[in-house]
Amino acid sequence: VEVVCSVDYLEELNKNSKKNRGYIFEELTANLFGAVLDEKPNTSFRDGGDFYIDDVAYQAKYMNATYTNEATMQRMMAR
């Protein structure tokens, strides 16, 4: 488990940004792991990750994010 940042820190960044909390969290997480952010930040989780490490897509979710269930994940992997 890695701590990305405190909630207070993220909220402070959000106050001074035009980006939403979720995207800011994705940026922080990607930076922590030396990842490459997706060039299309609004890509559906079905079509790609938020960031990539060694060509593997990863999703980062902040509070109140939309999640999916295992059945949907299995259908996506079968594509």
Side-chain angles (χ1 to χ4, degrees):
V1 175
E2 293 283 339
V3 175
V4 176
C5 67
S6 69
V7 172
D8 290 340
Y9 179 74
L10 183 64
E11 293 299 327
E12 191 62 34
L13 289 176
N14 186 57
K15 284 181 193 175
N16 301 310
S17 177
K18 294 181 181 178
K19 300 172 186 172
N20 66 43
R21 287 176 189 87
Y23 189 75
I24 294 169
F25 186 72
E26 291 167 13
E27 286 181 318
L28 292 169
T29 305
N31 288 337
L32 177 68
F33 292 103
V36 177
L37 277 173
D38 185 15
E39 293 178 13
K40 299 176 186 172
N42 294 323
T43 300
S44 167
F45 72 91
R46 293 177 184 90
D47 299 324
D50 295 324
F51 56 85
Y52 294 82
I53 301 172
D54 296 329
D55 295 324
V56 176
Y58 292 88
Q59 291 279 327
K61 299 297 173 211
Y62 187 61
M63 296 187 314
N64 300 321
T66 302
Y67 294 95
T68 189
N69 61 35
E70 188 174 347
T72 301
M73 296 296 287
Q74 291 296 329
R75 284 195 303 275
M76 290 169 33
M77 292 171 60
R79 286 186 181 179

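In what follows, residues are counted from 1 in the order of the sequence shown. If you're wondering where the values come from, they're calculated on a predicted model, not measured in any experiment.
- Side-chain atoms of Asp54 never come within 3.5 Å of backbone atoms of Val56 as a donor-acceptor pair (strictly under, hydrogens ignored).
- Across Asn14, Asp50, Leu37, a single residue satisfies side chain to side chain contact (heavy atoms under 4.5 Å, CB included) together with Tyr23, and that is Leu37.
- For Val3, there are no side chain to side chain contact (heavy atoms under 4.5 Å, CB included) partners, not counting sequence neighbours.
- Both Leu32 and Leu10 are part of a single hydrophobic cluster, where members link through side-chain heavy atoms under 4.5 Å apart.
- Checked against salt bridge (charged side-chain N to carboxylate O under 4.0 Å, His left out), Lys18 has no partners two or more places apart in sequence or in another chain.
- In this view, Leu13 and Tyr9, Ile24, Leu28 satisfy the side chain to side chain contact (heavy atoms under 4.5 Å, CB included) rule, not counting sequence neighbours.
- Residues Val4 and Phe25 meet the side-chain proximity criterion, which asks for heavy atoms closer than 4.5 Å.
- Phe51 CZ to Glu27 CD: the interatomic distance, rounded to the nearest 0.5 Å, is 12.0 Å.
- How far CZ of Arg21 is from CD of Glu26: 14.0 Å, rounded to the nearest 0.5 Å.
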